[in-house]
Amino acid sequence: MKRTSLFGALLCLSPAVGAETATANAADTAWLLTATALVLFMTLPGLALFYAGLVRSKNVLSVLMQCFAITALVSVLWLLFGYSGAFGQGGALQAWYGGFGKLGLAGVDRAAVSGKLPETVFAMFQMTFAIITPALVVGGFAERMKFSAMLLFSGLWLALVYVPVCHWVWGGGWLAGLGLMDYAGGTVVHVNAGVAALVAALVLGRRRGFPDTLILPHNLTMTVTGAGMLWVGWYGFNAGSALAADGNAGMAMLVTHTGAAAGALTWMTIEWLRHGKPSVLGIVTGMVAGLGTITPASGYVGPLAALAIGVVAGGVCFVATQYIKRTLRIDDSLDVFPVHGVGGVIGTLSVGVFAAVELGGTGFSAGSMGRQLGVQAIGVLATIAWSGGLSYVLLKLIDAAIGLRVDAESETTGLDISLHEERGYDL
């Protein structure tokens with residue numbers, strides 16, 4: 001069963017609408033508990049380490065702190081209103097928002113069951129997706145945003161951008177009604193975060209010295225460690241989105257691994273041919289591009305399609321990264337948009353082709369390849385418009401209220417000392 005329709009089934013079977021006698025499946029529950037831990041592992045410590053190694057040593061703690069604080073903040077906000085807005089029953093507004101019936105996780109107790117899962121497990125699993133998405137945005141403004149502004153932006157962005165888009169796609173909203181196929185977050189996570197990161201980079205402006213001064217990662221060992229954690233954690237992200245311990249989860253895991261491997265090898269090969277040497281940074285970035293791109297397709301395509309998607313991801317995201325940084329000179333510090341944003345677009349659109357039964361896929365929700373491609377494009381464009389427009393407005397309002405960017409002296413000194421009065425390394 002496709003994830004969009006499965007989520008709808010889970011919502012319809014929730015105790016709030018008359019399924020009090022439903023019981024959880026032990027095997028499915030065990031797998032989702034494991035998958036939830038894996039997805040949280042992607043942010044802490046996976047993404048935190050991946051990002052921290054890519055910045056300069058004077059900012060390493062600031063990135064770790066941002067990822068840690070976002071995890072804590074989103075966890076509380078998800079409990080208070082996020083889950084309700086994303087997966088509640090919105091009544092007349094159901095197409096747009098999940099409503100307020102589950103504020104504070106009302107009704108989500110030990111006995112509550114959604115489909116074959118305890119609702120506590122489902123809510124927690126979805127929380128981990130809500131955590132990593134604003135954490136990804138950190139890469140767009142790394143090394144120059146105030147900590148207070150980052151917290152305010154992340155909280156408001158969760159409420160006004162992530163929750164509505166999540167509801168549209170997975171909570172029974174209007175994009176689900178159109179038949180959008182997004183298995184694990186091409187639009188909800190990757191396009192959403194990538195566009196917000198690009199907007200943040202443009203609003204805040206470039207880091208001091210960019211692009212004239214070469215800004216290099218300070219600890220690629222840390223980055224590779226984080227990348228390995230992301231690869232492993234992504235199994236929970238995609239295979240967990242089957243919401244069951246079955247063949248769909250197994251195939252999602254297989255194609256996820258294939259996409260990651262293909263993306264890594266493609267990016268590495270392009271750099272090798274272009275510069276004469278393969279780089280560690282290149283192979284891990286290609287891996288992330290492959291993972292982000294296969295994500296929306298992971299429940300709908302077969303292994304050979306995943307191989308093709310991974311190869312395209314590695315090549316197109318490499319070109320996009322060079323174009324954003326070197327041609328447009330946009331300082332998306334850690335390449336969130338060209339990797340996650342562009343990868344999310346490619347992956348979401350690829351479902352409209354590779355989900356064809358003739359190509360080893362599960363078939364199209366919209367009935368035909370042409371119709372499905374149209375629906376996928378609508379989903380991508382709607383996410384870009386919503387995330388881009390609201391991210392811009394939020395950033396401008398926060399800048400007017402408390403200021404977004406640290407002063408020049410603080411940026412030169414480094415955010416570890418200027419914002420947190422701590423050092424990542426002994427001098």
Indicate yes or no: at least one non-hydrogen side-chain atom of P217 is less than 4.5 angstrom from one of L281.
-> yes
Flag for R207-T213: side-chain donor and acceptor within less than 3.5 Å | no
Over 60° means perpendicular and under 30° means parallel, so classify the ring planes of F129 and F237, tilted if in between.
-> parallel
Specify the closest pair of heavy atoms between A24 and T29, including all atoms of both residues, with the distance to one decimal.
-> CB-OG1, 3.8 Å
Donor-acceptor pair between T187 and D182 side chains, under 3.5 angstrom | yes
Would you call the rings of W96 and W174 parallel, tilted or perpendicular, where under 30° means parallel and over 60° means perpendicular?
-> tilted
Grab the two heavy atoms, one from I70 and one from I131, that are nearest each other, plus how far apart they are.
-> CG2-O, 3.8 Å
Residue pairs passing the side chain to side chain donor-acceptor pair (under 3.5 Å) test where at least one lies in residues 32-52, sequence neighbours excluded | none
Donor-acceptor contact present, side-chain S62 to main-chain N59, <3.5 Å = yes
Looking just at side-chain N and O atoms, do S387 and N192 make a donor-acceptor pair shorter than 3.5 Å?
-> yes
Quick one: are the ring centres of Y300 and Y183 less than 6.0 Å apart?
-> yes
Are W234 and H257 close enough that their ring centres sit under 6.0 Å apart?
-> no
Counting N and O atoms only, with roles assigned by atom type, does the side chain of E143 sit under 3.5 Å from a partner on the main chain of V63, one being a donor and the other an acceptor?
-> no
Kindly give the heavy-atom pair with the smallest separation between H167 and A86, and that separation in Å.
-> ND1-O, 2.8 Å
M181 versus F364, closest heavy-atom pair with distance = SD-CA, 4.0 Å
If every non-hydrogen atom of T133 is compared with every non-hydrogen atom of V188, which pair is closest and at what distance?
-> CG2-O, 3.9 Å
Please, which pairs that meet ring-ring contact (aromatic ring centres under 6.0 Å, His included) have at least one residue in residues 366-394, sequence neighbours excluded?
-> W168-W386
Work out which heavy atom in L404 is nearest to a heavy atom in L395; give both atom names and the distance.
-> CD1-O, 3.4 Å
